[in-house]
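Data block below; observations after.
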There are 2 protein chains.
Amino acid sequence: MHESRASERGDSVTGRALAVLDSFDAEHRRQPLGAIARRTGLPLTTVHRLVHELERHEALVRGPDGDWEIGSKIWRLGTLASVHVDLREVALPYMEDVYALGNDAVQIAVLDGLRCLVVDRIAGSRTMSVLSKPGSRLPLHATGVGKVLLAFGTTELQEAVLGSLDRYTDRTITDAETLRPQLRTIRSQGFAVTREELTPGATSVAVPLRGRRGAVTAALGVVSPSESAEVSKMVPVLQVTAAALSSKLVETGLA
Amino acid sequence: MHESRASERGDSVTGRALAVLDSFDAEHRRQPLGAIARRTGLPLTTVHRLVHELERHEALVRGPDGDWEIGSKIWRLGTLASVHVDLREVALPYMEDVYALGNDAVQIAVLDGLRCLVVDRIAGSRTMSVLSKPGSRLPLHATGVGKVLLAFGTTELQEAVLGSLDRYTDRTITDAETLRPQLRTIRSQGFAVTREELTPGATSVAVPLRGRRGAVTAALGVVSPSESAEVSKMVPVLQVTAAALSSKLVETGLA
DNA sequence: CCCAGTATTCCGCTGAGCGGAATCCGCCGC
DNA sequence: GCGGCGGATTCCGCTCAGCGGAATACTGGG
C-alpha cells in the first residue's frame, strides 16, 4: 500500500516531516529509523532524509544507541503554545494551592478532539504515581476532568463520545443510557466524580474552568487513592479555586 | 539580500518550515504573516504557503485576529523530549519539596549552547514574579543556575562565555578576571550565588545536578527577594535535594 | 565466517515548490 | 462614500529539490 510516490498521496514535504514527528508518542519516545518508516508508512529513504534534516534543525536528536527522539527545540517552541502560556502557566500557582491544601495530585486538562489532553499535574513524591503525564490524551467518559469537559461540551461531542464507550476497568461506565443522565447531573451540580473508572484504586473529582464568555475551556481535578478520597472536602476547594482561576483565565485571554 | 531563490541559499523545505516555527519566541508569540516573513527573511509567498501547510497539520494555529501562533500539537510533541521527560518530570516532586520547605521559587535549567535553558520553575502565588518561564534562555554568567552550569562546563564553554559578558544590572559581573576565580570557587564549594546580577532585587542560589557518569547535566536553584534571602539555609536544602534527585536522574537515564 | 536486519548511499527522473507580480481585502482617515 | 495603504491571497511558468528503488555498507548474534 505504500508503493506509490509520496506525491501521489497528495502530501507535502512539510506534511511528511510533521508525520515523522507525529510518529513519536509516549510509547515510542525513542525510535530507530525503520520503526519511524513503518509507523508513518513512508519509504525508508524518505524517512532517512527527513530525520537527518530534522536533526540538522534540532527538531530531532539521536541518542547514543542510534535511536531518534524529539529534541528540546520542539519542547521550547511548545512552551509558546496557548495551552502552555495561557492555561498551564496561569493555572500552576492555583494548582499548587490546591495541592498544598490536601496533598492530592492535581491536574488540568483541555478538550482535544474526542479526548482530553492533560496539560499538567502536580504530584509530590507522596502522591499517586498512576497520574497521567502532561501530553497524555485520556478518554472523556472515564476521567473526572474528561467527564466535566464532556458534560459541558456540545451535543455533537456527547453523541460522538457516547457512540463508543471503551472499558478500562470493571467500574468503567460503557452504557450510554447510564452516562447520559450523569452528564446532566455534572452540568447542574458543577462537578464530576469518577471512581476507579479509568484506573483501579483511583478516585477523581473535577470542576470546570471557564474562559472568555463563560465557556468551559478546561477542567481542574484532583486524583486520590480511593480509600482516602474525601470527595465532600475536595469539591468546595476545587470550586473556589476554579472560580478564582477562571477569573484569571478570562483576564489573560484563554479562548 | 533575500532576492535569490530559497534553494540558492541551500535550505530545504523542512528547514524553511522549521525556520517559520523558530520565528516564534516569547516576545513574538503571535505574529501576522508579514512579521514571520520579515523575521525569517523568506519571501512572503513562501511563508504564506508554509504557514497554511503547518496549520493543516496542527503545528500552527490562527487566532481570531488572523495572527499565527504555535499549536498544541507542538506542545504535545515537546512533552516527549528528554528535557521534559527525563529531567522536568523527574525533578518536579523534588522541586515541590524544596518549595514546601522555604516558599522560595525553585527552578531547573540545562545548558543550551552558550546559554541556560529554563526547564521549569515552581512559584506559588506569593513568590517572585520576575522568575523566568520555562523555555527561557538565560545568560550563564548572571544567574545562579547558569553559573553552576558554566563552572562545571568545559574550558571551551567558559572561554566562549567569558569572551563577552553582557551587563543586565549594575551588579552584573562583566569582567572575566573577576568571574573566573568565582567559577573555581563554585566548582570547589558545590554551589553558586548570584545577587541581583540579572534582575534587581533577586538573589539566587543554585547547585549542580548530575546524570550518568557524574557529569553535571542540569542545575537546581532557588530565587528569592534579596532582602529575605537566606543563603546559608538554602544551600544545604538544595544540596540534599540535588543529591537525591541526581541519584534519580542516573536511574532514569538523563545523559 | 555467515546471515539477517538496519542504516546509508546513489542517481536518473519529474512535479512540488518557488516567488515576483497581480489582485483582493480590510481598515482608517478625510 | 472614497481613496490610500498595508497586509493577505492568488496566479502560473519555471526548474531543481525531493523522490525512492536498488545497491551497498554496517552491525550484532550464532
Side-chain angles (χ1 to χ4, degrees), chain A residues 1-25 27-71, chain B residues 1-25 27-71:
Chain A
M1 212 69 273
H2 309 304
E3 290 165 358
S4 54
R5 279 184 64 117
S7 50
E8 286 165 11
R9 283 173 268 123
D11 218 357
S12 63
V13 176
T14 303
R16 292 197 286 278
L18 288 165
V20 166
L21 293 179
D22 227 18
S23 73
F24 293 87
D25 64 24
E27 282 76 45
H28 306 89
R29 258 190 67 220
R30 297 192 177 100
Q31 305 187 75
L33 184 63
I36 302 174
R38 281 189 297 275
R39 288 167 57 74
T40 54
L42 295 171
L44 190 58
T45 321
T46 299
V47 173
H48 181 261
R49 282 188 295 95
L50 287 172
V51 293
H52 282 277
E53 196 62 28
L54 289 163
E55 182 190 25
R56 260 190 67 217
H57 294 90
E58 298 178 275
L60 288 182
V61 294
R62 199 162 185 197
D65 55 350
D67 281 0
W68 298 94
E69 57 191 291
I70 297 287
Chain B
M1 216 61 276
H2 308 303
E3 291 166 355
S4 54
R5 279 182 67 116
S7 50
E8 286 165 12
R9 281 171 272 128
D11 219 355
S12 63
V13 176
T14 303
R16 290 195 286 279
L18 288 166
V20 167
L21 293 178
D22 227 19
S23 72
F24 293 86
D25 63 25
E27 282 76 46
H28 307 89
R29 259 189 66 219
R30 299 192 175 99
Q31 302 187 78
L33 184 64
I36 303 175
R38 281 189 298 274
R39 289 167 56 74
T40 55
L42 296 171
L44 191 57
T45 322
T46 299
V47 173
H48 180 261
R49 283 188 293 96
L50 288 171
V51 293
H52 283 279
E53 195 61 28
L54 288 164
E55 182 190 26
R56 262 190 64 216
H57 294 89
E58 298 177 276
L60 289 182
V61 294
R62 200 165 189 196
D65 54 353
D67 281 1
W68 298 92
E69 57 192 292
I70 298 289

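Every chain is numbered from 1 and lettered A, B, ... according to where its sequence line falls, protein lines coming before strand lines.
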D/dG18 C1' sits how many Å from A/E53 CD, rounded?
11 Å
Among A/H57, A/R56, A/E53, side-chain contact (heavy atoms from CB on, under 4.5 Å) partner for B/L18
A/H57
Could you give the distance from CG (A/L60) to CD1 (A/I36), rounded to the nearest 0.5 Å?
6.5 Å
For a 4.5 angstrom cut-off between non-hydrogen side-chain atoms, does A/D25 reach A/R39?
yes
For the atom pair CZ (B/R30) and CD (B/E69), what is the distance rounded to the nearest 0.5 Å?
4.5 Å
Sequence-aligned protein contact record of nucleotides 4-12 of chain D, with B where the base is within under 4.0 Å of a protein heavy atom and S where only the sugar-phosphate is:
----SBBB-
Working to the nearest 0.5 Å, report the span between CG of B/L54 and OG1 of A/T14.
6.0 Å
